[in-house]
Amino acid sequence: MKRTKISQVLEQSEVGSSLIVKGWVRANRGNRFIQINDGSTIKNIQAVVEFENFDENVLKKVTTGASVAVSGKLVESQGSGQAVEIMVETIEVLGEANPEEIQKTVMQPKRHSLEYLREQAHLRFRTNTFGAVFRIRHAVSFAIHKYFNDQGFFYLHTPIITGSDAEGAGEIFHVSNLDPKNPPLTEEGNIDYSKDFFGKQVNLTVSGQLEAELAALALGQVYTFGPTFRAENSNTSRHLAEFWMIEPEVAFNDLNDNMDLTEDFLKYITNYILDNCKHDLSFLNEREIKEQQSKPQKDRNELTLVERLEFVRDNDFKRLTYTEAIEVLKRSKPYKKKKFKYEVEWGVDLQSEHERYLVEKEFKCPVILTDYPAEIKAFYMRENEDGKTVAAMDVLFPGIGEIVGGSQREERLDVLKRKCADFNIPEEDLWWYMDTRKFGSVQHAGFGLGFERMVMFVTGMTNIRDVIPFPRTPQNAEF
RNA sequence: GCUUCUUUAGCUCAGUUGGUUAGAGCAUCUGACUGUUAAUCAGAGGGUCCCAGGUUCGAGCCCUGGAAGGAGCGCCA
């Protein structure tokens, strides 16, 4: 007989049927009730053992963390905690787990802090919280592919090793095969990268956008979904050195189309999780409610996790320009009471405190800010009629901040050349990018979604290190 | 990189003004019980009080330096 997954046992199997389940023991109560989890669902199956009829030496090994195979009949449960349970006919311990050692891991049957779980990232998959988080992470990933596929987008694989940092999006990781102790030198005494593997200096990608634009200007609508690397010394709950990013790019779209796409996309993902991850979501929802109870009133969320997701799904995002946002901030209480640490002035980039005020206090919903001053945004963003602002957009989410950054791209070759000069970007390094503006250039737009930030939003996790299996942060690349 | 907080048993944490043998809950072990729901009951074991130095008759507690982790900020997604 083949094993039946626990998700299937609980949702589809008929009472009275004989089956085999395999999984890991979560708890063994009174030598009679064994809670088994196989990862297919957050729910456990309860296996009931008439211990009098079984070998004591086998039952002794059925401890928390051990793996077991159990066969028996599915019956209605006499207890109130579950609808069905398995009356065990045979039980086999597949892999033992020494309780004295289990005690030193996160697998002991008790609550742990997220910080402690992070130290055992290889074992935290076995916990309810991380099981839920990573099943949902998968579902978000799948929903993204499904959405784009249904909308006629093509999934484009952009390179991880690239030769240019033209976008200037943060610090980069260099990739080299040269001997660091004894690198070949040029006549001037600099490292001679022409002798390196690729014959030039290369780095890990910080964005697949420029490459995605090339494909969009042929395939019409494409998206990337891959790892991204930033060598910034960022020590926050919202930054990773290695993270995943989704970057759709659509020919013929303007900024408004771009905003419509972003909003529809984010609502689709949110709704997909509400529809397809009910058990995991409900566990995380309860978990958050319990956690909130130990916090002071002012630090608590006004809405529960599920309510926040429903809110995003059901309400329009607030759209306003950067210029309007500055005016709103200048009329705000914290501005008048001089509570903001950073200045609010047209031309200066908004700080987290300003974004948080707009999202969490003023509008209390996701906000899309558009038309930023050209100086504070990237060179490829399309210049507006006023000559001062560009067709950029940032989507701000409560508790997370910037979750999406995008723009309509500059499709006019002459303007793009001027912008390169303004930003000190050597045009010749980007000859392949400039070429698309020579041959049938069209307006187009796209955005980048921080995947882990989206997973944070739908799981309610407040530290980005808890939504990626193996986080890479400054001074930390364990596992 | 900056600011700030934390570090005491396997985990979460308490530890009064610097004063006898450093405590609790959970976990682990032993036994009891056996339709439990983080099972329950009784008992036991378990400590480099983060590290190094200093002050003091005496330091978990005070001082100096360091390390690790959290939160916030900057950079950004």
Side-chain angles (χ1 to χ4, degrees), chain A residues 26-35 43-44 46-52 60 63-65 75-82 85 87 97-120 127-128 167-172 206-209 227-247 290 294-295 299 340-342 349-356 376-378 394-397 400-406 447-457 462-466 468 473-476:
Chain A
R26 284 293 176 83
N28 183 357
R29 275 191 293 273
N31 230 3
R32 183 184 291 277
F33 303 101
I34 305 165
Q35 298 293 331
K43 297 200 183 287
N44 302 329
Q46 175 158 281
V48 183
V49 183
E50 296 292 345
F51 60 88
E52 302 86 346
K60 245 190 212 165
T63 54
T64 303
V75 298
E76 278 182 38
S77 177
Q78 297 173 33
S80 55
Q82 57 284 317
E85 61 196 19
M87 283 306 293
N98 182 339
E100 307 249 352
E101 284 185 52
I102 280 285
Q103 191 196 191
K104 292 174 186 166
T105 74
V106 301
M107 286 186 282
Q108 53 174 295
K110 74 183 292 289
R111 272 188 77 88
H112 296 290
S113 64
L114 293 171
E115 291 79 17
Y116 182 61
L117 288 158
R118 226 170 276 154
E119 291 170 14
Q120 297 181 31
T127 64
N128 284 332
E167 198 194 336
E171 297 294 313
I172 56 178
V206 293
S207 163
Q209 182 204 314
T228 309
F229 307 88
R230 305 274 166 94
E232 277 145 13
N233 189 16
S234 298
N235 294 290
T236 81
S237 53
R238 308 184 307 283
H239 290 88
L240 292 166
E242 177 182 296
F243 63 100
W244 291 66
M245 191 154 66
I246 295 97
E247 294 174 294
K290 274 181 215 151
S294 62
K295 284 186 178 176
D299 293 339
F340 287 135
K341 212 173 128 193
Y342 293 88
D349 208 358
L350 298 178
Q351 303 296 324
S352 320
E353 59 176 358
H354 308 134
E355 295 179 349
R356 290 184 69 152
I376 59 173
K377 288 290 180 185
D394 279 2
V395 181
L396 310 176
F397 263 33
I400 290 166
E402 186 181 344
I403 195 164
V404 163
F447 62 84
L449 167 71
F451 179 63
E452 281 77 15
R453 289 188 181 176
M454 189 65 196
V455 178
M456 284 172 82
F457 175 70
T462 53
N463 191 316
I464 200 164
R465 295 159 202 202
D466 296 329
I468 187 165
T473 53
Q475 298 300 310
N476 182 13

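Chain identifiers are assigned alphabetically (A, B, ...) following the order of the sequence lines, protein sequences preceding nucleic acid strands; residue numbering begins at 1 within each chain.
Closest approach to the Ser80(A) side chain among G69(B), U37(B), U36(B) is made by U37(B) (side chain taken as heavy atoms from C-beta onward).
Among residues at least two apart or in separate chains, salt bridge (charged side-chain N to carboxylate O under 4.0 Å, His left out) pairs with a member in residues 97-120 of chain A are Arg118(A)-Asp466(A).
Residue Tyr116(A) is in sugar-phosphate contact alone, with no base atom involved, counting any heavy-atom pair closer than 4.0 Å across all strands shown.
Applying the ring pair (Phe, Tyr, Trp, His ring centres under 6.0 Å) criterion to His112(A), with sequence neighbours excluded, gives Tyr116(A). For Arg238(A), there are no salt bridge (Lys or Arg N to Asp or Glu O under 4.0 Å) partners two or more places apart in sequence or in a different chain. Every residue two or more places apart in sequence or in another chain that forms a side chain to side chain contact (heavy atoms under 4.5 Å, CB included) with Pro99(A) is listed here: Thr63(A). Shown here are the side chain to side chain contact (heavy atoms under 4.5 Å, CB included) partners of Phe33(A), two or more places apart in sequence or in another chain: Arg29(A), Gln46(A), Val48(A). Evaluation of the side chain to side chain contact (heavy atoms under 4.5 Å, CB included) rule for Glu50(A) yields Arg32(A), Glu52(A), Asn53(A), Met87(A) as partners, not counting sequence neighbours. Residues passing the ring pair (Phe, Tyr, Trp, His ring centres under 6.0 Å) test with Phe51(A): none are found, sequence neighbours excluded. Looking at residues two or more places apart in sequence or on another chain, you find no salt bridge (Lys or Arg N to Asp or Glu O under 4.0 Å) involving Glu76(A). Judged as a salt bridge (Lys or Arg N to Asp or Glu O under 4.0 Å), and not counting sequence neighbours, the contacts of Lys377(A) are Asp394(A).
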Got a list of protein N/O to nucleotides 38-49 of chain B N/O distances below 3.5 Å?
| residue | atom | partner | partner atom | Å |
| --- | --- | --- | --- | --- |
| A39(B) | OP2 | Arg29(A) | NH1 | 2.2 |

Between the protein and nucleotides 1-5 of chain B, which nitrogen or oxygen pairs come in under 3.5 angstrom?
| residue | atom | partner | partner atom | Å |
| --- | --- | --- | --- | --- |
| G1(B) | OP1 | Asn233(A) | ND2 | 3.0 |
| G1(B) | N7 | Asn233(A) | O | 3.4 |
| G1(B) | N7 | Asn235(A) | ND2 | 3.4 |

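In terms of polar N and O atoms assigned as donor or acceptor, the side chain of Glu115(A) never comes within less than 3.5 Å of the base of U7(B) in a complementary pairing.
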Parsed dot-bracket for RNA chain B after applying the Watson-Crick and G-U rules with both distances under 3.5 Å and | for other-strand partners is (((((((..((((.....[...)))).(((((.......))))).....(((((..]....))))))))))))....

